[in-house]
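What you see is a predicted model, and the numbers here were worked out from it, not measured in a lab. Both ligands and their constituent atoms are indexed starting at 1 by order of listing.
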Amino acid sequence: MDTANLRSRWDAIVIGGGAAGLSAALLLGRARRRTLVLDAGSPRNRFAAHMHGVLGNEGAPPLDLLRRGAEEAAGYGVVLRTAEAVAVRDEGDGLMVALDDGSEEQSRALVVAAGITDDLPSIPGLAERWGTSVLHCPYCHGWEVRDGRLAVLATSPASLHQAKMVRQWSSDVVLFSHGLGSLDPVEERRLRARGVQIVTSPVAEIVGDESSVSGIRTADGAATAVDAVFTGGRPIPHDGFLDGLELARIDFPHGLGSFVQVDPAGRTSHPRIWAAGNVVSPMATVPMSIGAGAAAGAAVNGALVEEDFHLAEESSLAPADR
Ligand SMILES: Cc1cc2nc3c(=O)[nH]c(=O)nc-3n(C[C@H](O)[C@H](O)[C@H](O)COP(=O)(O)OP(=O)(O)OC[C@H]3O[C@@H](n4cnc5c(N)ncnc54)[C@H](O)[C@@H]3O)c2cc1C
């Protein structure tokens with residue numbers, strides 16, 4: 001093995017400096033691992049001014065948490081670099097990560113924590129209100145709009161569950177069901193029994209002032225007054241740079257799509273690659289992503305500890321014994 005090469009390479013590269021990636025990096029830095037975080041700087045919740053359901057950080061601006069997390073990781077020697085990973089190559093005893101500036105970085109292990117993009121329905125008035133009055137997660141924002149006039153705009157089979165969930169935060173819920181196709185009569189009866197109104201005409205426009213919503217206009221010309229809209233974008237994982245490694249994938253139910261498969265500690269089917277957060281778990285909130293990142297960071301260190309002992313034993317053996 002080329003020892004000059006060994007000295008210059010990282011123990012771990014973390015792709016993505018959001019909640020999951022910084023949490024993994026914090027564990028790795030504290031475990032005295034040479035760790036590089038590559039971050040493109042677009043965390044998923046950047047559209048929201050405040051985050052909720054995050055113990056100890058209730059109501060804090062999402063970017064504040066990441067700034068503090070980056071400082072904490074840097075305090076243990078983690079190097080943070082603004083850059084995008086564009087490809088990963090398997091080199092047998094390590095991995096080579098290619099960056100968008102043309103440079104390359106070598107590492108013994110990789111944590112993929114690059115998040116997702118929410119591919120939003122293309123309805124006028126929707127995207128510009130995402131994260132303020134057009135919402136996706138009642139655990140994150142339901143309390144703030146409790147007892148309001150809440151709309152659920154169906155985009156996939158998962159929207160039926162979303163409508164039932166939102167009913168927990170208000171008794172005034174309207175389901176715009178066009179995206180579900182024809183509703184199962186049993187489900188329709190259940191929804192109506194809990195007071196959920198159903199509008200079948202397709203949504204034409206979301207209307208309101210600036211970032212607030214005042215109503216929904218449907219294709220039949222009708223208008224429904226609402227205070228907030230819940231909907232779901234199609235989650236697109238940022239994992240294209242792993243193409244070619246043929247990692248095992250799993251199809252999530254309700255049309256959520258295909259994601260890299262991981263075990264509970266975040267290990268993928270590749271022995272040097274772990275993944276955590278939304279990139280493998282699109283429903284994970286900030287605290288869930290922090291937990292998954294911590295688990296992956298610890299698992300990476302554990303694997304490197306074993307490898308360190310194995311390499312030490314190998315190099316201590318006389319050539320004839322190897
Ligand atoms: C509008 C909105 C509001 C939300 N509010 C809440 C809330 O109140 N409470 C809550 O718990 N959860 C909330 N969430 C969910 C929260 O955003 C996610 O749980 C969390 O961001 C997941 O963390 P992550 O680290 O997996 O991904 P992210 O936070 O998205 O971080 C991924 C990082 O990786 C970077 N990246 C992507 N590709 C690459 C690449 N190729 N190379 C280098 N870097 C790359 C991205 O730029 C980004 O900085 C909200 C989500 C949305 C959409």
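Those atoms of ligand 1 with a heavy atom of S42 less than 4.0 angstrom away are 46 (C), 47 (O), 48 (C), 49 (O). Taking every non-hydrogen atom of G115 and a distance limit under 4.0 Å, the qualifying atoms of ligand 1 come out as 27 (O), 32 (C). Below 4.0 Å from some heavy atom of G131 lie the following atoms of ligand 1, by number and element: 1 (C). Atoms of ligand 1 found under 4.0 Å from any heavy atom of G277 (numbered from 1 in listed order, with element): 26 (O). Shown in contact with L38 at under 4.0 Å from a heavy atom are these atoms of ligand 1, numbered in order with element: 43 (C), 44 (N). Listed by atom number, the atoms of ligand 1 under 4.0 Å from D118 heavy atoms are 53 (C). Listed by number with element, the atoms of ligand 1 under 4.0 Å from a non-hydrogen atom of A83 are 42 (N), 43 (C). Atoms of ligand 1 lying under 4.0 Å from any heavy atom of V54, numbered from 1 in the order shown and given with element: 11 (O).
Scanning all protein heavy atoms for the shortest distance to atom 35 (C) of ligand 1 gives D39 OD1, 3.2 Å. Atom 19 (O) of ligand 1 has A284 O, 2.7 Å as its closest protein atom, hydrogens excluded (heavy atom only). Regarding atom 52 (C) of ligand 1, its nearest protein heavy-atom neighbour is H136 CE1, 3.5 Å. Scanning all protein heavy atoms for the shortest distance to atom 20 (C) of ligand 1 gives N278 OD1, 3.8 Å. Remark: minimum distance from atom 9 (N) of ligand 1 to any protein heavy atom is reached at H52 O, 2.9 Å. In this structure, atom 34 (O) of ligand 1 lies nearest to the protein heavy atom G16 CA, 3.2 Å. Atom 39 (C) of ligand 1 has its closest protein heavy atom at A114 CB, 3.9 Å. With respect to atom 13 (C) of ligand 1, the closest heavy atom belonging to the protein is C140 SG, 3.5 Å.
Looking at R272, its side chain never comes within 3.5 Å of a backbone N or O of L95 through a donor-acceptor pair. Under the 3.5 Å distance criterion, the side-chain polar atoms of D100 are matched with a main-chain donor or acceptor of E84. Under the 3.5 Å distance criterion, the side-chain polar atoms of S23 are left unmatched by any main-chain donor or acceptor of G293. Remark: the backbone N or O of G232 is paired with a side-chain donor or acceptor of T155 at under 3.5 angstrom.
The existence of a salt bridge linking D227 and R149 is confirmed by a sub-4.0 Å separation between a basic side-chain nitrogen and an acidic carboxylate oxygen. Ionic pairing of R108 and D308 is present here: one or more N-O contacts between side-chain nitrogen and carboxylate oxygen are shorter than 4.0 angstrom.
The closest approach between a heavy atom of G53 and any atom of ligand 1 is not below 4.0 Å. Using a 4.0 Å cutoff on heavy atoms, C137 does not count as a contact of ligand 1.
Inspection of the S289 and R44 side chains reveals no N or O donor paired with an N or O acceptor under 3.5 Å. At a cut-off of 3.5 Å, with distance as the only test, no side-chain donor of S170 or D172 sits close to an acceptor on the other residue.
Taking OG of S258 as the start and CD1 of I236 as the end, the distance is 12.5 Å to the nearest 0.5 Å. Taking CZ of R190 as the start and CG of D184 as the end, the distance is 8.0 Å to the nearest 0.5 Å. Separation of atoms OH (Y76) and OG1 (T35) is listed at 13.5 Å; rounding is to 0.5 Å.
Between H141 and ligand 1, an N or O atom pair is found at a separation short of 3.5 Å.
Between W130 and H136, the ring-plane angle classifies as tilted under the 30° and 60° cut-offs. Between H141 and H52, the ring-plane angle classifies as perpendicular under the 30° and 60° cut-offs.
Using a 4.0 Å cut-off between heavy atoms, H238 contacts ligand 1 through its side chain alone, with no backbone atom that close. Using a 4.0 Å cut-off between heavy atoms, A20 contacts ligand 1 through both its backbone and its side chain.
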